[in-house]
There are 2 protein chains.
Amino acid sequence: MNKIQNASEDLLNAGIKPSYQRIKIYEFIIKNLTHPTVETVYKKLSKEIPTLSRTTVYNTLKLFEKKELIRSVNIEENEMRYDGQKHIHGHFKCTVCGEIFDFNYNYNDLEFSGLDDFVLNQTDVMIKGICKKCRIKNS
Amino acid sequence: MNKIQNASEDLLNAGIKPSYQRIKIYEFIIKNLTHPTVETVYKKLSKEIPTLSRTTVYNTLKLFEKKELIRSVNIEENEMRYDGQKHIHGHFKCTVCGEIFDFNYNYNDLEFSGLDDFVLNQTDVMIKGICKKCRIKNS
DNA sequence: ATTCATATTTGTAATGGTTACAAAATTAAA
DNA sequence: TTTAATTTTGTAACCATTACAAATATGAAT
């Protein structure tokens, strides 16, 4: 029952007018699930769209996030990353190689105390450590 | 069985030479559990230490974090916050008033998959939403 | 098509948190 | 008291991000 993802449709459903740049940026984000930065998106898409501006990438990704089409991943100390995956998952950053991995966690069993009568909109679980490859390499 | 916290002792135990500035900064962080920014620490301590430099605050907090005396809280989009609390807890940011709240969660209930043979050093659970006060005010 | 209003994109300049760096000050040892 | 090592300080640089206004593209009405 999976539907082939259609960029224009997704944007329209989110209330975003599907311009050429927006379609290309959205397609890039949902096809490259490596948590790219603005700079990465800009560099890669510039080859295809020579007139593309960094500002457009910044604004567009912020717009997508506001409309809940994508998620921002604030795991780096200096720059933001973006994630086009829809399902709930956490992010692991290897402090040796810097790579960011996805992992699953059991959100439903997680119980909070101290947030009574708070509205919870967005949960982020982030872990830092050493990935398997780096652990083996340095042992 | 609680021990009165002694800044110099804590620093020495962490392998940090307890200079005047370091003691003052450490004391501020463990006494002001409101997730202060570098700027906040600098502004408040400047009154007591007129010669204090922002760079010293930056370097010292980074040093404390590296020695695992305090934790950095990367929940803002632009600037870092610091947390002197020792016990495991999560951070909630109200997107209306901007305040950051602590909450407790059962760490043992958090089960991960996809991180086999990874070394997990630091876990951060962050939630964004609307705090009780702002929810009531806007209803 | 043409005009006009609106939305989007672009490029440059500014912003602001953080870091690099070297000089000054402090501390510790000999 | 000298000397070396450490810490602090202040300024300049860095760089991701945002502000802003001009340029371009889009869409509707005539």
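We name chains A, B, ... by the order of the sequence lines, and we start the count at 1 in each one.
Using a 4.0 Å heavy-atom distance criterion, B/Ser19 is classed as a sugar-phosphate-only contact. In this structure, A/Thr37 reaches neither bases nor backbone, as no heavy-atom distance under 4.0 Å exists between it and the strands shown. Within the 4.0 angstrom heavy-atom criterion, only backbone atoms of the sugar-phosphate kind lie near A/Arg22; the bases stay farther away.
Between A/Lys24 atom NZ and C/dT10 atom P there is a gap of 14 Å when expressed in whole angstrom units. For B/Leu45 and D/dT9, the CG to P distance is 11 Å, given to the nearest whole Å. Atom-to-atom, OH of A/Tyr20 to C1' of C/dT10 comes out at 16 Å; the value is rounded to the nearest Å. Here the C1' atom of nucleotide D/dA16 and the CD atom of A/Glu77 are 14 Å apart, to the nearest Å. Distance A/Arg54 CZ to D/dA16 P: 9 Å, rounded to the nearest Å. Spacing between atom CD of A/Glu76 and atom C1' of C/dG17 amounts to 16 Å, rounded to whole angstrom units. Atom CE in B/Met80 sits about 15 Å away from atom P in D/dA16, given to the nearest Å. What separates OH of B/Tyr58 from C1' of D/dC14 is a distance of 13 Å, to the nearest Å.
Between D/dT8, C/dC21, C/dT10, one nucleotide has an atom nearer to the side chain of A/Gln21 than all others, and that is C/dT10. Distances from the side chain of A/Lys17 to the nucleotides C/dT19, D/dT17, C/dT8 place C/dT8 closest. Minimum atom distance to the side chain of A/Asn78 is reached by D/dA16, of the listed D/dT17, C/dG17, D/dA16.
Residue-to-nucleotide proximity on DNA chain D shows that, of B/Ile16 and B/Tyr42, the 5′-proximal contact is made by B/Ile16. Place B/Thr55 and A/Thr55 on DNA chain C by their nearest nucleotides, and A/Thr55 ends up nearer the 5' end.
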Stepwise, does the side-chain hydrogen bond (donor to acceptor under 3.5 Å, both in side chains) test hold for A/Gln21 with A/Thr56?
CA-CA 8 Å; A/Gln21 285 87 339; A/Thr56 299; 6.0 Å; no
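Side-chain rings of A/Phe101 and B/Phe118 approach one another, their centers coming within less than 6.0 Å. If you look at B/Phe112 and A/Phe103, their ring centroids are closer than 6.0 Å.
At least one side-chain nitrogen or oxygen of A/Thr51 sits closer than 4.0 Å to the OP1 or OP2 atom of C/dT10.
A donor-acceptor pair shorter than 3.5 Å cannot be found between the side chains of B/Asn74 and A/Glu77. Using modelled atom types, one finds no donor on one side chain facing an acceptor on the other under 3.5 Å when comparing A/Asp124 with A/His91.
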